[in-house]
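The next block holds one structure in the form of structure tokens; read it before the comments.
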Number of protein chains: 2
Amino acid sequence: MPKPEVDPTVSLELSVDRSSPVPLYFQLSQQLEAAIEHGALTPGSLLGNEIELAARLGLSRPTVRQAIQSLVDKGLLVRRRGVGTQVVHSKVKRPLELSSLYDDLEAAGQRPATKVLVNTVVPATAEVAAALGVAEGSDVHRVERLRLTHGEPMAHLCNYLPPGLFDLDTGQLEATGLYRLMRAAGITLHSARQSIGARAATPHEAERLGEDEGAPLLTMERTTFDDTGRAVEFGAHTYRPSRYSFEFQLLVRS
Amino acid sequence: MPKPEVDPTVSLELSVDRSSPVPLYFQLSQQLEAAIEHGALTPGSLLGNEIELAARLGLSRPTVRQAIQSLVDKGLLVRRRGVGTQVVHSKVKRPLELSSLYDDLEAAGQRPATKVLVNTVVPATAEVAAALGVAEGSDVHRVERLRLTHGEPMAHLCNYLPPGLFDLDTGQLEATGLYRLMRAAGITLHSARQSIGARAATPHEAERLGEDEGAPLLTMERTTFDDTGRAVEFGAHTYRPSRYSFEFQLLVRS
DNA sequence: TCAATGCGTATGTCCGGACAATCGAACTAC
DNA sequence: GTAGTTCGATTGTCCGGACATACGCATTGA
């Protein structure tokens with residue numbers, strides 16, 4: 001019977017460029033990640049001990065450890081005391097990034113289209129004010145968009161943004177995603193609080209998305225924060241469940 | 001006008017116990033986290049430079065850095081070169097753990113009840129076999145449960161487990177959650193691949209959950225892996241959206 | 001008055017070493 | 001043959017130092 005085999009240590013071509021401004025540990029972690037992605041490092045294979053690896057690359061052990069640790073954090077590797085470091089068996093894709101719908105679709109080769117329905121400034125409702133941390137009734141941007149794939153509506157996106165962050169050009173909003181615009185404006189996204197639920201479509205929503213009244217819709221509310229902790233966006237989205245679902249990888253924090 | 005203020009450096013009482021088997025960096029990170037949670041470290045306040053902090057605690061700088069880094073990874077702190085380390089403004093709760101429904105509910109003070117509907121061994125369907133990485137038609141455990149809060153059904157949980165992992169006692173399944181049983185059996189959970197969607201309830205599902213036929217349901221499919229990469233569980237769950245939604249915090253990986 | 005420059009400060013990266021804790025397997029004793 | 005023990009291998013933790021890099025602010029110059 002095929003007993004649970006432990007793949008042998010794999011040695012592959014690794015090298016670092018000390019003249020590069022890219023940190024050495026980062027060069028190494030990228031090469032290792034590429035090797036895993038590419039299949040040179042097969043699931044279950046041992047990585048060889050850190051000390052020898054460091055010696056082979058002309059690096060110190062802390063540097064090698066930093067590279068390996070970053071991949072452990074990503075869920076690609078597992079370390080075991082007394083055993084070694086091995087590649088995780090499962091087909092881990094990505095451990096859930098804060099991704100935009102636009103990027104998701106583009107990565108899936110869907111070439112999404114966007115139609116801006118509303119792009120105005122409105123007084124903040126109590127809910128929006130609480131989410132963005134501004135005074136109730138103060139001005140906030142309101143953007144409503146319809147996201148389409150293959151000419152069919154897929155999601156309705158309603159977003160609120162605090163004023164003065166950057167200018168919301170309708171043309172740019174139709175050409176790319178909101179997150180990409182924010183990043184381009186020098187905003188570094190940090191974290192987001194999300195809530196995913198479901199409910200029946202109202203007549204208005206049904207018509208907007210091309211569904212029947214009462215049809216199930218997937219809903220998502222999200223408040224996004226930048227690296228200073230400011231709320232930079234609050235969104236209430238509805239998705240057609242026949243055309244979209246949330247997929248992601250979770251990691252147990254150890 | 002109140003310009004964006006930078007809170008002054010806060011110094012607080014920190015100490016480490018060198019005789020404890022708990023790693024020093026972990027002692028420090030826990031104390032810092034407690035101080036943030038407790039409010040002793042207010043959002044925006046600076047943490048003081050690492051070198052002085054290390055000297056004050058009698059630790060080396062790498063150890064202090066390791067403690068701080070773990071909190072940065074959790075999203076509680078932000079480091080800035082030339083500036084310092086400061087507490088994040090936003091009310092970050094927790095960055096999305098791989099949590100069980102049972103634990104979620106218990107944490108919310110709901111005192112969940114579970115009714116085991118099915119607990120048998122069945123041949124694996126193609127879908128289940130693919131998810132668990134076993135041969136199609138081979139034996140797998142099948143557990144169907146109804147989760148109730150306040151006497152009302154809230155979710156229907158259908159799970160498949162590879163054989164021989166641990167024994168599935170119906171009584172224990174009703175007393176606690178599946179994840180807790182797995183952990184108790186010495187299985188260390190590592191990651192999970194999840195998909196969240198929505199659909200209309202079939203007549204059978206509707207009756208089971210006390211909803212109307214065609215009512216929207218929140219669906220979740222999840223394959224969980226242990227630290228060796230083995231799939232240890234595959235589940236297909238349906239939730240009543242009026243009683244449950246998925247809430248979590250995301251972090252941008254930098 | 002305003003922009004460019006320089007400096008101090010803090011984190012980012014990297015080194016080389018030391019000892020402890022843990023796992024697995026070979027070995028030994030019963 | 002089986003159970004307990006020892007031992008090598010490997011990661012975990014920690015130290016002390018060194019230099020690079022980027023940010024904010026004060027100074028300087030136009």
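Each chain gets a letter, A, B and so on, in the order the sequences are listed, and its residues count up from 1.
- At C:dT13, none of the side-chain N or O atoms of A:Thr63 fall inside 4.0 Å of OP1 or OP2 (strictly under the cut-off).
- Rounding to whole angstrom units, CZ of residue A:Arg80 and P of C:dA25 are separated by 12 Å.
- Of the possible donor and acceptor atoms, one in the side chain of B:Gln27 sits under 3.5 Å from a partner among the backbone N and O of B:Asp17.
- Of all the residues in residues 18-25 of chain B, B:Arg18, B:Pro23, B:Leu24, B:Tyr25 reach under 4.0 Å from DNA chain D with at least one non-hydrogen atom.
- A side-chain contact (heavy atoms from CB on, under 4.5 Å) with B:Arg145 is found for exactly one of B:Thr114, B:Asn119, B:Thr170, namely B:Thr114.
- Separating the CD atom of B:Gln69 from the P atom of D:dT13 is a distance of 15 Å, rounded to the nearest angstrom.
- Rounded to whole Å, atom P of D:dT11 lies 16 Å from atom CD of B:Gln66.
- When rounded to the nearest whole Å, the span between CG of B:Leu46 and P of D:dC23 equals 16 Å.
- Between the B:Glu33 side chain and the B:Leu71 main chain, no donor and acceptor come within less than 3.5 Å of each other.
- Nucleotide C:dC15 holds its P atom 12 Å from the CG atom of A:Leu53, rounded to whole Å.
- Counting only distance, with no hydrogens or angles, the side chain of B:Gln31 and the backbone of B:Ser15 share a donor-acceptor pair below 3.5 Å.
- In terms of heavy-atom proximity, A:Leu189 sits nearest to A:Tyr179 at CD2-CD2, 3.7 Å.
- Comparing C:dG16, C:dT11, C:dG24 against the side chain of A:Val83 picks out C:dG24 as the nearest.
- Nearest heavy atom pair, residue B:Val116 against residue B:Glu174, reads N-OE2, 2.7 Å.
- Distance CG (B:Asn49) to P (C:dG8): 16 Å, rounded to an integer number of Å.
- Side-chain N/O atoms of B:Ser60 include none lying less than 4.0 angstrom from OP1 or OP2 on D:dG17.
- A pairwise comparison of heavy atoms in A:Pro162 and A:Ala231 identifies CG-O, 3.6 Å as the closest pair.
- Looking at heavy-atom distances under 4.0 Å, B:Arg61 makes contact with a base.
- For A:Arg79 and D:dT13, the CZ to P distance is 9 Å, given to the nearest whole Å.
- Nucleotide D:dT10 holds its C1' atom 13 Å from the CD atom of A:Gln86, rounded to whole Å.
- In the set D:dT11, D:dA22, D:dG16, D:dA22 carries the atom at the smallest distance from any side-chain atom of B:Arg81.
- Of all nucleotides listed (D:dG24, D:dT13, C:dT11), D:dT13 comes nearest to the side chain of A:Arg65.
- Position along DNA chain D of the nearest nucleotide to A:Thr85 versus B:Phe26 favours A:Thr85 as the more 5'-ward residue.
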